[in-house]
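Notes follow once the structure below has been shown.
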Amino acid sequence: MSYLKHLYCSACGQHYDPHTVQTFCQDCQAPLLAEYDLQAAKSVLDRDEFKCRPRSMWRWRELMPVYEIENQVSLGEGDTPLLPVPRLAETLGFHHLFVKDESMNPTGSFKARGLSAAISKAKELGIEKVIIPTAGNAGGAMAAYAARSGTEACIFMPKDTPFANMEESRIAGAKVILIDGLISEAAGMAGVKAREEGWYDVSTFKEPYRTEGKKTMGYELAEGFGWTLPDVIIYPTGGGTGLVGMWKAFAEMEALGWLEDMKRPRMVSVQAEGCAPVIKAFHEGAVFCDYWTGAHTIAAGLRVPKSFADQIILRNLRESQGTAVAVSDEAILAAQAELAEQEGIFAAPEGAATLAAFHQLAQSGWVQPEEKVVLFNTGSGLKYLK
Ligand SMILES: *Cc1c(COP(=O)(O)O)cnc(C)c1O
Ligand SMILES: [Zn+2]
C-alpha cells in the first residue's frame with residue numbers, strides 16, 4: 001500500500017530502516033527524510049484518481065509512510081479549503097491571491113497533519129508512549145491523536161503557551177508539564193525524560209514522519225491548481241516542517257510525472273521580528289541558523305529560537321529562489337484584522353504574519369500583481385483568545 005523504501009539522512013545520505021523505530025542521524029545530528037519507490041509508483045498511480053477517495057490527507061496513502069491501513073490514526077485532517085481572496089487582492093492591486101486555510105483541521109491547526117502521520121507510524125511500530133516539547137498547537141494535536149490511538153502522551157510546554165493548547169492537551173488525557181522557559185528548554189527536558197523513561201520523542205524533525213504529513217499540503221495545492229504550482233508560497237516558519245515537506249512533495253510529484261510543467265514556487269519564510277533566526281541566516285548567506293536569544297512574539301508557533309532542520313530550510317529557500325521576511329507583532333495584528341474584515345478569515349497570528357509579509361513583498365516589487373500567490377493560514381485565531 002505504501003511505496004516507502006527507506007529513510008535517509010538529510011546531511012550524509014546514510015540509509016535507515018523504516019521498519020524499526022528511528023529518530024535522526026546519530027552521526028550528523030540531522031533529520032531523516034523518507035524516500036519512496038517513485039519509479040514503481042509512477043507506473044501504477046493515476047494522479048486524477050485520488051480525488052475520488054474519501055476526503056483526508058490519507059487519500060495519498062501510497063506516498064505516505066504507513067504500510068498498513070489499520071494503522072492510520074485519523075480525525076479527518078487535510079483537504080482544507082484553498083480560498084481565493086479577491087477583495088483583499090484588489091486592495092493590493094493583485095489578481096491571483098489565495099489562502100490555504102489550515103484552520104479547518106482537527107485541533108484547529110495544521111499540526112494535525114504532522115501528528116496524524118507521526119502517531120500512525122508510531123502505532124505501526126508498536127510505540128506505546130510519546131513525548132513532545134511544544135510552543136502550543138503541536139502538543140494539542142499530539143494529545144488528540146495519541147488519545148485516538150490509545151497511546152500515552154506527555155507534553156512539555158512553556159507556561160505562557162496559549163490557554164487553549166493547555167486545555168485541549170489535558171482534556172485528551174495527556175500529562176502536561178508547564179515550564180519556565182522557551183520551547184528549546186522544553187525540548188531539553190523532554191529529551192532527558194525520553195531517554196530516562198523510554199518515551200518516544202516526536203519533536204519537530206527528531207522523528208522522520210511529521211514532515212510526511214505536512215507534505216500533503218503540497219499535493220493538495222498541485223491538485224487544486226490543476227497540477228501546476230503557484231508562483232509564490234508564503235509560509236510562517238517555526239520548525240519548518242511544512243516548508244521542507246512541501247518542497248519534498250514538489251520533487252516527488254515531478255518524479256511521478258504529475259506536474260504539467262517544471263516551474264516550482266518561490267518559497268518565502270516568514271518569522272516575527274522578535275524571533276527571526278531563519279531570516280537572519282538567509283540574508284547573511286549562512287548554512288545554519290544561530291540560536292536566537294530572547295525570543296518573543298505573540299505568534300507562539302514562531303517562537304522557535306533554532307530549528308533542528310535549519311540547514312534544510314535554508315537550502316530549500318535558496319533552491320526555490322525564494323526569500324525570508326521578518327514582520328513585527330503590530331503588523332501581524334493589523335494583518336489579522338484585515339483578513340477578518342476583508343474576507344471573514346480569523347487567522348492565527350502565525351497565519352496573519354504571511355499577509356504582513358506579503359505587504360512588504362508587494363511594496364518592494366519582489367512579487368508582481370499577475371503572480372499567483374498562496375498565503376498559509378496555519379491555524380485558527382480562536383485558539384489564541386484569552
Ligand atoms: C507550529 C506552527 C507554525 C510553524 O510551523 P512549522 O512547520 O513548525 O514551521 C505556524 N503556525 C502555527 C499556527 C503553528 O502551530
Ligand atoms: Zn547523517
Side-chain angles (χ1 to χ4, degrees), residues 7-16 22-33 80 100-105 107-115 117-118 132-142 157 161-162 164-165 168 183 187 202-206 208 210-215 217-218 233-248 267-272 275 277-278 289 297-313 316-317 324 332 336 346-354 375-384:
L7 303 170
Y8 66 96
C9 169
S10 57
C12 74
Q14 189 183 329
H15 286 191
Y16 287 82
Q22 302 294 351
T23 54
F24 49 86
C25 180
Q26 301 303 316
D27 295 337
C28 309
Q29 304 292 303
L32 301 181
L33 298 172
T80 55
K100 179 71 169 157
D101 194 5
E102 291 291 307
S103 70
M104 303 294 280
N105 275 300
T107 71
S109 92
F110 74 157
K111 290 294 192 305
R113 294 183 192 256
L115 273 308
I132 199 170
T134 178
N137 288 317
M142 190 190 82
M157 48 172 75
T161 299
N165 297 131
E168 67 181 342
I183 185 168
V202 294
S203 302
T204 305
F205 282 112
K206 295 205 173 151
R210 283 173 62 185
T211 332
E212 294 302 297
K214 289 248 186 111
K215 86 176 176 190
M217 298 188 296
I233 292 177
I234 309 187
Y235 182 84
T237 309
T241 30
L243 191 124
V244 171
M246 282 193 279
W247 195 246
K248 183 174 186 287
M267 306 296 284
V268 180
S269 194
V270 184
Q271 296 192 310
C275 182
V278 170
C289 296
T297 165
I298 52 165
L302 307 185
R303 218 153 44 197
V304 180
K306 180 174 162 71
S307 167
F308 193 61
D310 51 353
Q311 187 177 18
I312 318 179
I313 296 169
N316 290 172
L317 288 176
I332 290 176
Q336 193 181 35
F346 186 13
E350 297 87 341
T354 64
L375 310 179
F376 262 88
N377 175 32
T378 46
S380 170
L382 293 173
K383 294 192 79 176
Y384 299 74

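Positions are given from 1, in the same order as the sequence printed here. Every number for a ligand or one of its atoms is a count from 1 in the order of the listing.
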Based purely on interatomic distance, does [X] place a nitrogen or oxygen under 3.5 Å from a nitrogen or oxygen of ligand 1?
{"X": "Lys214", "value": "yes"}
{"X": "Gly238", "value": "yes"}
{"X": "Tyr235", "value": "yes"}
{"X": "Gly239", "value": "yes"}
{"X": "Thr241", "value": "yes"}
{"X": "Asn137", "value": "yes"}
{"X": "Thr378", "value": "yes"}

Study note, to complete from the structure: Taking only non-hydrogen atoms of Thr237 and a 4.0 Å limit, the atoms of ligand 1 in range are 9 (O)
Check your understanding: Near Gly242, which atoms of ligand 1 are under 4.0 Å from a heavy atom of that residue?
Key ->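 Taking each heavy atom of Gly242 in turn, ligand 1 has 7 (O) under 4.0 Å.
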Heavy-atom distance under 4.5 Å between the side chains of [X] and [Y], does that happen here?
{"X": "Pro277", "Y": "Gln271", "value": "yes"}
{"X": "Val278", "Y": "Asp310", "value": "no"}
{"X": "Ile233", "Y": "Phe376", "value": "yes"}
{"X": "Cys25", "Y": "Leu32", "value": "yes"}
{"X": "Leu317", "Y": "Leu243", "value": "yes"}
{"X": "Ser307", "Y": "Thr241", "value": "no"}
{"X": "Thr134", "Y": "Met142", "value": "no"}
{"X": "Arg210", "Y": "Lys111", "value": "yes"}

**Study point:** For Thr80, all residues meeting side-chain contact (heavy atoms from CB on, under 4.5 Å), sequence neighbours excluded
**Key:**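 Scan of Thr80 (side-chain contact (heavy atoms from CB on, under 4.5 Å), adjacent residues dropped) gives Lys100, Glu102, Met104, Asn105, Arg113, Glu220.
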Check your understanding: Counting heavy atoms only, which of Gly240, Ala309, Pro162 is nearest atom 6 (P) of ligand 1?
Key ->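 The residue whose heavy atom sits nearest atom 6 (P) of ligand 1 is Gly240.
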Report all side-chain donor-acceptor pairs from residues 346-354 shorter than 3.5 Å, counting only partners two or more places apart or in another chain.
{"unit_1": "Glu350", "atom_1": "OE1", "unit_2": "Tyr384", "atom_2": "OH", "d": "2.9"}
{"unit_1": "Glu350", "atom_1": "OE2", "unit_2": "Ala300", "atom_2": "N", "d": "3.4"}
{"unit_1": "Glu350", "atom_1": "OE2", "unit_2": "Gly301", "atom_2": "N", "d": "2.7"}
{"unit_1": "Glu350", "atom_1": "OE2", "unit_2": "Tyr384", "atom_2": "OH", "d": "2.8"}
{"unit_1": "Thr354", "atom_1": "OG1", "unit_2": "Gly351", "atom_2": "O", "d": "2.6"}

Exercise for review: Mind checking salt bridge (charged side-chain N to carboxylate O under 4.0 Å, His left out) for Lys206 and listing every partner two or more places apart, or none if nothing turns up?
Suggested key: none
Practice item. Tell me which part of Tyr384 gets within contact of ligand 1: side chain, backbone, both or neither, using heavy atoms under 4.0 Å. Key: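 Tyr384 to ligand 1: side-chain contact only, backbone stays beyond 4.0 Å.
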Review point. Any idea which protein heavy atom is nearest atom 14 (C) of ligand 1, and the distance to it?
Key: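 Its nearest protein heavy-atom neighbour is Lys111 NZ, 2.9 Å.
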**Study point:** Protein residue, atom and distance nearest to atom 5 (O) of ligand 1, heavy-atom basis
**Key:** Phe110 CZ, 3.2 Å
Exercise for review: Mind listing the protein N/O/S atoms less than 2.8 Å away from the Zn ion (ligand 2)? Waters don't count.
Suggested key: Cys9 SG, Cys12 SG, Cys25 SG, Cys28 SG
Check your understanding: With distance as the sole test, does Ser269 use its side chain to make a donor-acceptor pair with the main-chain N or O of Met267 at under 3.5 Å?
Key ->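 Checked: no pair found.
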Review point. Just by distance, do the side chain of Gln26 and the backbone of Phe24 share a donor-acceptor pair under 3.5 Å?
Key: yes
Review point. Heavy atom of Ala138 under 4.0 Å from ligand 1?
Key: no
